[in-house]
Amino acid sequence: MTRTLIKAAWFWCLLLTSGFSLAEQLRLTVYPGQAPGSSLVMLSLSAGESDTVIDPIWFDTTRLFEISNSSDSELIKFVTPKAPWTFDFGGIKGVRQLFAVKPALTTGVEIVAELTVREQRIVSNRAKVARLQDDFRDSARVAILLDDAQTLLTIGGRLIQTQPDQTHGYRYRGFALEMLGRYPEAEEDILKARTIFFENNPPADADGRMIPNWEPPEILDRALRRIRLAEQGSSGGTD
Amino acid sequence: MTIPSTANALLAIPRALVTLCALAWANHASTDGLGVPLQTVESLDQSIQETLQGALESTESDYQEASKTSDSQRDWNYAEPRVASEGVEAEEDQEESNVVSSAIIKLKPDIILPERSESLQSTPESGAVLPANSGDPEDISDSMKESASETSKVTDRGSNRGSNEEGQSVVWVGQARITHHNYGGAEGLHTVQVNHTIYLAEVHRFDIIGEDERLVGQLVSLRDKKGGWTSFQDGWTRSACGCARDITEFTGSAYGGSDQKIVGWIYHSMVEDDPLGDILPNGAYSVKWDDISTDSSFTSTRTIIKCSESFTKSQSILEGQQAVAGPTWSLQSSMPIPMLPSHDGQPISVGRLREAFQYYKSDYHDQQTRQLIDGKMRGVYTQKIPIATSCDSKLREETQEWFVQPAIEVEPKLAETPYRWRPKRGDENNTLEFTVTVSDLPGVEGKFRFTLFDVTREKGWAVNAGDREDDALDLRFVEDDENFLAPKESDDGWVLEANRTLEEATIRIEADDYGAWGRLRCEVNTGGWWFPCVSMAGKRYITIPYDEDQNKIADFWEEQKGISGDATADADKTPEGRESGDGFSNYEEYRGFQIQGLWRDTEPTEKDLFVHNASNREEITSSVREFETKSSLTVHEINEDELDRASRIVNFNRGINQAVSRDQKGQAGVIVVVQELDDICGKAASDPSIEESLSWSPIGGPNVTQLVLVDPSCLYGTTTVHELGHAVNLWHPGGRYLVGDCEDSLPAGMDTPYSGPLNNYMRYRNAEKYIGPDNKCYKYPKHLEERRSAFVTDPTGTGMNAGPERWEYNTLDGKNYPYPVSGDATCSGTLIDKSPSLNQDAKTYPTGC
Ligand SMILES: [Zn+2]
């Protein structure tokens, strides 16, 4: 196994101040994406439930990514497309940073991150790059996270042509159109996706009995609410 | 009586135990020059082997003589030998119901003797193998009690004592071998050999008083202290008739010891002109076996071949050979009066003893009156016994050999395991230490042997940790003492033997498993005999950890957790739900889990759910905590290697004491995965095979719902908590789905999943429309929604779902709308106190769902 250490200058713009309590955890999530696009790596540094204080000092230091089995490591570049952001999930507080990795990481490689906080070395989990069978999902997820409307529009358009009886083409195109502010078209796509969803996923089994854990198309419903709200906002009127 | 000063001086000499035994015995038995002379001390101070060898050689003539006598017998009598023994037993029973407490005689617990010795010629030490029954959880307190009851017969007459002033008891220890030769009706020979370890305690000394209150002698009563026996058979016979004319082969072995009832006596004459000399010569003794544990099965194989079909069977050791049940030496005798349990313990007159005492001569027993030879019992005789049926065998021949000598018992004490100790894997600070002293008397040394047995071999070191192929012993001796050889592994434990004699030994034990359990016994060899250590509870072993009910859970833990008894029980009650239990037995909760790399035990009364956050997201951890708080379940987030990847079973290393609740299947942990779900936010997915067969995912509990999938765009809300609810068998509050009504939306309305308390995690939220009582579609009042924040116990609708039917003004559009919107929850499966289940495989529809 060959391993490549990649140094990424990683500057956190932090809102929190001074000192990090012990028991920090560094978690790494990979969104594989697809070539020629990029992969995304999300690093998340969290601490215990209380007394979480973060010292900006160690975010000035160089972080290290280690990627296994990478043949073209020299060419791999890490870019931070967004500023880091803080979170507090029910007392679990921390900061996150998204890294766009280009070219996209090869399937099967493992990536791990390491950073030193107050002379204490913290190593993340080791994440393996695994792609879904439907490759468009990986690309679409990265495009959504990067607000890449053009890529999403392309993926959606292609899927509507190849798989018109599935929801995803309309959903992705709807999301892309929403990003582009084309709300009426976006709403139309999402409603279409919703119709297809109910056709494909009836909430009862073959005997007409309720499926106990059947869930509604909440992602589409949320998108619809979001789009309609934006539409109202942009038009300045109310429904 | 006191030990002479010369004897005290000898105490310090190494290897003096045999001498000590003999000295004490000499002292103990000598009165008026009638006991064992001091020369015996020197003769005993030789190797036991020589002594035994000599003993057997010296009885050669006995053997021949007895054989001759037996040969001369023509008139066989079959049933007679049982008569006397039954009489004795009946009276013993009577005595036991009449216990009067007294402790004048210092009583000692059992000792263990060399056993399974193939040959009487071997030395006691070299032939010493632990009694096969010594591993049984056998409480010796019964035998102590029996002995104690006999002390009630002891009077204030000082000579009526079974022990000396120093508190050391004399025991008669040795070996006996009985060999049966059964000749086939037609041809062949079947041999059964029974090797006994002899263990007799001196219980009483009765003064025999002649004229003018003269002390004529003493009768010493002997009582079995639970010796043991082993037996094996081999050979073949050809029967004389029937199908059984064919050959029968005999193999197999047996052992026993707990039910033997051995009694005996020794007479010590104390005057030159003993008026009882004609019937009781000095040193006359009798030892008689009432029975050999008839309920002990002789696990033998008896194969009849060449018949229409061959068969094997397990037979009692007595089956087919009832003539002699056990060794009997000396003339079969009635019990001398003072030894009868009904005797009041008072001295007895010569006249009364003579009147009552008589030997019964039995054709099938020793024909001689036996006397101690050099202070020991030894002898050999052979007798021939006819067989009643002619088919199986026409003749049996039985040979008895014995060698028994007095010894002073030592009584090493083995402390119990500290009450609060529990096994912890590889924790040096948790090492158990035991120190055992040979005797309260200084300077007494012995060779120690410690045995760990019945040790668990649990896989790994906790129910979800460690190498699952590893079934090594869970307890071991710490090897760092030069006084001991390296421990030797046995099938179920370890044997640690000293390489020198010591006054005191300290050993240390460590656990390699959090559920480790075993028994520890120790023995000390002094003077060639192994004496068992005795626990505070009077047992021959202790349990590690301290575990009186021996259910393999430390007693303190059970006390602390408020449970007892059945280690396989899985009866967690909290929180209430569909049924009790969580798939983990009490023992498994005690043995504990590795949770994110750290070991911990769990509460056996509180339901535990294990969740693996496969995508390693903080949002999931946060939701799992929220779920734990709101469901009242104890939820543990575990790492990937802390459950079985294929089956998702958490207690994959379960072995003994599995939970019976789920047919020993354990609990499948819930795996939460963040992945693209397209249109829905979350899904509680069942085992793929179930899903495939049904084409949908049923719910039932973590053993049915094993995967919780959450879309990455829905991590922030309550989706994960909702899906975890499904994973423990919680249902949506209503079972009516109005798809297609009110255009494309999934409207709310009565009996729909939108019904009931608004804050219910299991409820749908934010419909676009709802169907009113007039069956018309109305705009859904989203502004009246509440955050989902509870698992509910009451189905009554709240907020817009509450109250009687009415029309209300909607502030959003200024129109009147019908309320309640969706009404009360109708599905009982949504209630947290009724429906949650961690412990079922079944799928049922609760009412109203
Ligand atoms: Zn649901």
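Each chain gets a letter, A, B and so on, in the order its sequence line appears, and its residues count up from 1. Note: hydrogens, waters and symmetry copies are ignored here, and every other heavy atom, side chains too, is used.
Looking only at side-chain heavy atoms (C-beta outward), A:Arg27 and B:Thr621 come within less than 4.5 Å of each other. Annotation: side chain of A:Met42 is in contact with side chain of B:Arg617 (closest heavy-atom distance under 4.5 Å).
Within the 3.5 Å criterion, the main-chain N or O of B:Ala684 finds a donor-acceptor partner in the side chain of A:Asn213.
Contact annotation for A:Arg171: only side-chain heavy atoms (C-beta onward) come within less than 4.5 Å of a heavy atom of chain B. Of the atoms belonging to A:Leu224, not a single heavy atom falls under 4.5 Å from chain B. Proximity to chain A (any heavy atom under 4.5 Å) is shown, for B:Asn766, by both the backbone and the side chain. Neither the backbone nor the side chain of B:Arg765 has a heavy atom closer than 4.5 Å to any heavy atom of chain A. For B:Asp678, the parts lying near chain A are the backbone and the side chain together; criterion is any non-hydrogen pair under 4.5 Å. In this structure, chain A has a heavy atom under 4.5 Å from the side chain of B:Asn613, while its backbone stays farther away. For B:His732, the parts sitting under 4.5 Å from any heavy atom of chain A are the backbone and the side chain alike.
Residue B:Leu677 holds its CG atom at 6.5 Å from CD1 of A:Ile219, rounded to the nearest 0.5 Å. B:Ile699 contributes atom CD1, which lies 11.5 Å from atom CD1 of A:Ile211 (distance to the nearest 0.5 angstrom). The structure places CD of A:Glu218 at 5.0 Å from OG1 of B:Thr719, a figure rounded to the nearest 0.5 Å. The CG atom of A:Asp88 lies 11.0 Å from the CD atom of B:Glu618; values are rounded to the nearest 0.5 Å.
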Walk me through it: do B:Glu768 and A:Arg194 pass the test salt bridge (charged side-chain N to carboxylate O under 4.0 Å, His left out)? CA-CA 13 Å; B:Glu768 290 296 316; A:Arg194 221 168 164 284; over 6 Å; no
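In A:Lys128, the NZ atom is not crowded: 12 or fewer heavy atoms of neighbouring residues, nucleotides or ligands sit closer than 6.0 Å. Around atom CD of B:Glu637, more than 12 heavy atoms belonging to other residues, nucleotides or ligands sit under 6.0 Å away.
Nearest heavy-atom pair across A:Trp214 and B:Leu746 is CZ3-CD2, 3.7 Å. Across A:Pro217 and B:Ile680, no two heavy atoms sit closer than the pair CA-CG2, 4.2 Å. Heavy atoms only, all atoms of each residue included: A:Arg222 and B:Ser713 are closest at NH1-O, 3.4 Å. Across all their heavy atoms, A:Glu215 and B:Gly682 have their closest contact at CG-O, 3.3 Å. Between A:Phe89 and B:Ser622, the shortest heavy-atom contact is O-OG, 3.0 Å. Between A:Thr29 and B:Ser615 the shortest heavy-atom distance is OG1-O, 4.3 Å.
A salt bridge is absent between B:Glu785 and A:Arg225; no separation between the charged side-chain nitrogens and carboxylate oxygens falls under 4.0 Å.
Comparing A:Arg141, A:Arg137, A:Gln166 by how many heavy-atom pairs each has under 4.5 Å with chain B, the most go to A:Arg141. Per-residue counts of heavy-atom pairs under 4.5 Å with chain A were compared for B:Asp813, B:Leu730, B:Asp679; the largest is that of B:Asp679. Of the listed residues (B:Pro753, B:Gly829, B:Gly725, B:Cys714), the one with the most heavy-atom contacts under 4.5 Å to chain A is B:Cys714.
In summary, the side chains of B:Glu676 and A:His168 do not present any donor paired with an acceptor at a separation below 3.5 Å, with no hydrogens or angles considered.
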